[in-house]
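Numbering of residues begins at 1 and proceeds along the displayed sequence.
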Amino acid sequence: MPTTQKMKKMFGTWASPITPSMIAGGLRLNDVQWAGETLVWLEGRGGSGVLVAQTGAEAPRDLSDGSLSVRGRVGYGGGEFTTTADTVIFAAADGRLYRLALDGGLPKPITPAFGGTAAPRVSADGKWVAYVHNGDNIDGIALVDVEGEQFPCKLAYGTDFVMQPTWRPDGAMVAYVAWDQPQMPWDGTELRIVHLTAGADGMPTPTRVETIAGDKQTSVVQPEFSPDGRTLAYASDKSGWWQLYLYDLESKTHTQLTNAEAEDSMPAWVQGIRTYAWSHDGKAIYFIRNQDSRMSLWRLEVSNHKLRRVTALDDYTALAQIAASSLAGEVALIASASMIPERVITYEIDHEMVATLPSASDALSAPVIVDDERDAAWIRKRSRSEMLIDQYAPAEAISWTGHDGGMVYGLYSAPISPNYTSSGAPPLMVKVHGGPTSQSRLTFSPEAQFYTTRGYAFLEVNHRGSTGYGRPYRDLLNGAWGFWDVEDSVSGAQHLVDQGLADAKRLVILGGSAGGYTVLQSLVDKPGFWRAGVCLYGISNQFTLALNEAWKFEARYLDMMFGELPDSEALYRERSPLFHADKIQDAVIVFQGEDDPVVPKEQADSIVAVLRRRGVPHEYHVFEGEGHGWRKPETIERYYALVVDFLQRYVIFA
């Protein structure tokens, strides 16, 4: 439809092709790995994780039926499965490990129903599984035989946390990452090797443990032995950026392989993160580089450290969970871009061929909602690919000067529609990521598309303290959470207002978890700047969060953000919105999962009680059966519908 034929309609009221039900029905891609010639990946369907397999040109087939959800149950999850040539070993929502044959049959439990499991890895001889186990709030690396005939035994314990066990090909060693509180895995970890010998029953037995890299000020991530077992690769932020290193097991020397102002790894919020992979012949390492929120694939020749960017994948700006085939020169990844939904892709190295596997890539390609027959006639003439180009909003990495003159980063998407046009500047949704030690990247965001196609501008703020810009930038939030995130969100919104890209009278701040905290703290510290706030399971009281011993993973996180109690009591009070809620005057909608172990429901209850008592315009919605984030399709659909209605009343037509 030519621009001159677009209908004039107010920003924020456009009929969007992306409905709440479409987002609710979309799939999530969590991991992909090779099993011989077969690719296995994990799809999140509603509240269940389902394993899918594809061999060659055959059609994909479900390996699991969803009744037994594939889900890691240590910390925030991740590390759900591993593969051999003919088998998948996976962690289930019931806390057990299961063995499942690729050619069919029922999954067989190989560990008892006690605690939670994650990150299984099978030894090269196919006999043993090393995995992360959490039971009674004690974490460690455990070992079980692949048939589950023997009772699991302890392999490496004694630290508060562990992750990413990996076998040396000869079975004589297992490398893993360990750390203690109050450090988080991006603050300081240790790379350890446990040496093994065969016991009387044949089961590998630990003889000694040595630490070879990392400390309380250095983050080490993802150890991987070379195919010949002579070296151990890992990522470390020793230089101020996560870079790749190689440890020679014979000479006991370390060599830095990459050296760039870019991140070649990422914060280990979950188990099983993979940002690099050895080639099948051990001659090269393929790795994902994150620079300015944009990801790219690189090849590193181990012998001479020569680097080459894989330009065949340049259409994708978000890459994850790289896996290399052990049989041939081929890698698989989860890939997307701001206008390309997530999909599983493969890259054939010798011929530089990229293939897309059936996945969630068409999850949002549904029939378009139209206002009249003129629209319907236009849509009928369009091809599916043309409609996608017209309907999705591109995101761009931007930067601006913060209130103090420092540089701040983010992602900006303008409103988009093939059917509508509006006068003036659009309303703006400012999204604050969770963590807060995290980053918004140039990936496909159904949430951003949901708002931009309705006539909102969308800004994702990577405030001071975000990852992706080096350790000094990341460490700025230590002692300053609730300050930089608040100030950088305001300066980002003002930056767009000053350029005429956002309406100063219709600014909305949105966030979940740590981002939800920033929403509440922003409404306290900047009353009148924001027209409204959308808070999902946000923190209102830092004291009670610090005392939430039920959530071990972040039990001492606030020691880094604010300092230890009771010495830092004044700062905890200053940065707790609950104690300053009398300053809130702008409308806010609060969402909470009833069974949230991370940010318990009392956090939302307490702030809402104050809003209600003071007569502040607000809504409060508690979702039954949900935890820290929404999994049920009906919850997701209801959430988006409620937000749209709230924004119409308090922002668009206020």
Side-chain angles (χ1 to χ4, degrees), residues 400-410 412 425-436 440 456-466 476-477 479-499 501-536 538-542 561-562 571-590 603-604 607-608 610-611 614-619 643 646-647 650-651 654:
W400 62 91
T401 302
H403 75 288
D404 64 333
M407 190 63 67
V408 190
Y409 304 93
Y412 165 71
L428 172 67
M429 302 292 294
V430 175
K431 169 73 178 292
V432 185
H433 61 65
S440 293
Y456 292 86
F458 199 82
L459 174 66
E460 298 174 79
V461 178
N462 285 322
H463 53 73
R464 259 73 70 92
S466 300
L476 285 172
L477 208 60
W481 188 25
F483 176 74
W484 287 124
D485 45 322
V486 170
E487 294 293 340
D488 291 349
S489 298
V490 167
S491 64
Q494 190 62 52
H495 173 71
L496 295 180
V497 168
D498 293 344
Q499 294 186 82
L501 299 176
D503 185 346
K505 296 182 179 180
R506 293 188 291 172
L507 305 176
V508 182
I509 187 166
L510 158 73
S513 191
Y517 161 68
T518 302
V519 170
L520 296 177
Q521 190 69 17
S522 296
L523 296 180
V524 166
D525 288 347
K526 307 292 181 180
F529 181 85
W530 304 100
R531 174 58 67 91
V534 180
C535 174
L536 291 79
I539 302 148
S540 65
N541 187 341
Q542 299 290 1
M561 295 290 101
F562 299 129
L571 187 57
Y572 277 74
R573 181 170 291 275
E574 176 189 333
R575 302 285 170 78
S576 293
L578 179 63
F579 300 114
H580 312 283
D582 58 327
K583 296 180 180 179
I584 298 178
Q585 63 184 42
D586 305 300
V588 58
I589 185 169
V590 178
Q603 291 272 352
I607 194 75
V608 168
V610 178
L611 298 174
R614 295 189 58 252
V616 177
H618 72 280
E619 292 182 19
V643 173
F646 172 81
L647 295 175
Y650 289 102
V651 178

Next item on the list: For the pair Phe562 and Trp481, name the ring-plane relationship: parallel under 30°, tilted 30 to 60°, perpendicular over 60°.
Entry: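 Aromatic pair Phe562/Trp481 classed parallel.
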
Between [X] and [Y], what is the shortest heavy-atom contact and its length?
X: Leu507; Y: Ala502; result: CD2-CB, 4.3 Å
X: Gly402; Y: Ser491; result: CA-OG, 3.9 Å
X: Ala532; Y: Phe646; result: CB-CE2, 3.9 Å

Next item on the list: Output, in order, the C-alpha distance, side-chain angles, deciding distance and verdict of side-chain contact (heavy atoms from CB on, under 4.5 Å) for His403 and Trp484.
Entry: CA-CA 10 Å; His403 75 288; Trp484 287 124; 3.6 Å; yes

Spatial distance of atom [atom1] ([X]) from atom [atom2] ([Y]) [nearest 0.5 Å]:
X: Leu536; Y: Leu510; atom1: CG; atom2: CG; result: 6.5 Å
X: Gln542; Y: Glu574; atom1: CD; atom2: CD; result: 11.5 Å
X: Cys535; Y: Ile607; atom1: SG; atom2: CD1; result: 8.5 Å

Within the side chain of [X], is there an N or O that forms a donor-acceptor pair under 3.5 Å with the backbone of [Y]?
X: Asp485; Y: Thr518; answer: no
X: Asp488; Y: Arg464; answer: yes
X: Tyr517; Y: Arg575; answer: yes
X: His618; Y: Val616; answer: yes
X: Arg531; Y: Ile509; answer: no

Next item on the list: Using the side-chain contact (heavy atoms from CB on, under 4.5 Å) rule, take Val508 and Val430 through it: C-alpha gap first, then chi angles, then the decisive distance, then the call.
Entry: CA-CA 6 Å; Val508 182; Val430 175; over 6 Å; no

Next item on the list: State, yes or no, whether a side-chain contact exists between Leu459 and Met429 at a heavy-atom distance under 4.5 Å.
Entry: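 Of all side-chain heavy-atom pairs linking Met429 with Leu459, none is under 4.5 Å.
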
Note to self: Val588 vs Leu611, test: side-chain contact (heavy atoms from CB on, under 4.5 Å). Steps then yes/no.
What the structure shows: CA-CA 9 Å; Val588 58; Leu611 298 174; 3.5 Å; yes

Checklist line | Polar contact flag, side-chain donor to acceptor under 3.5 angstrom, His463-Ser489 | finding: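 No.
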
Item checked: Ser540/Gln603 under side-chain hydrogen bond (donor to acceptor under 3.5 Å, both in side chains): CA gap, chis, key distance, verdict -> CA-CA 6 Å; Ser540 65; Gln603 291 272 352; 3.3 Å; yes

Margin query: Between Leu428 and Trp530, does the side-chain contact (heavy atoms from CB on, under 4.5 Å) criterion hold? Intermediate values first, please.
Written below: CA-CA 10 Å; Leu428 172 67; Trp530 304 100; 5.7 Å; no

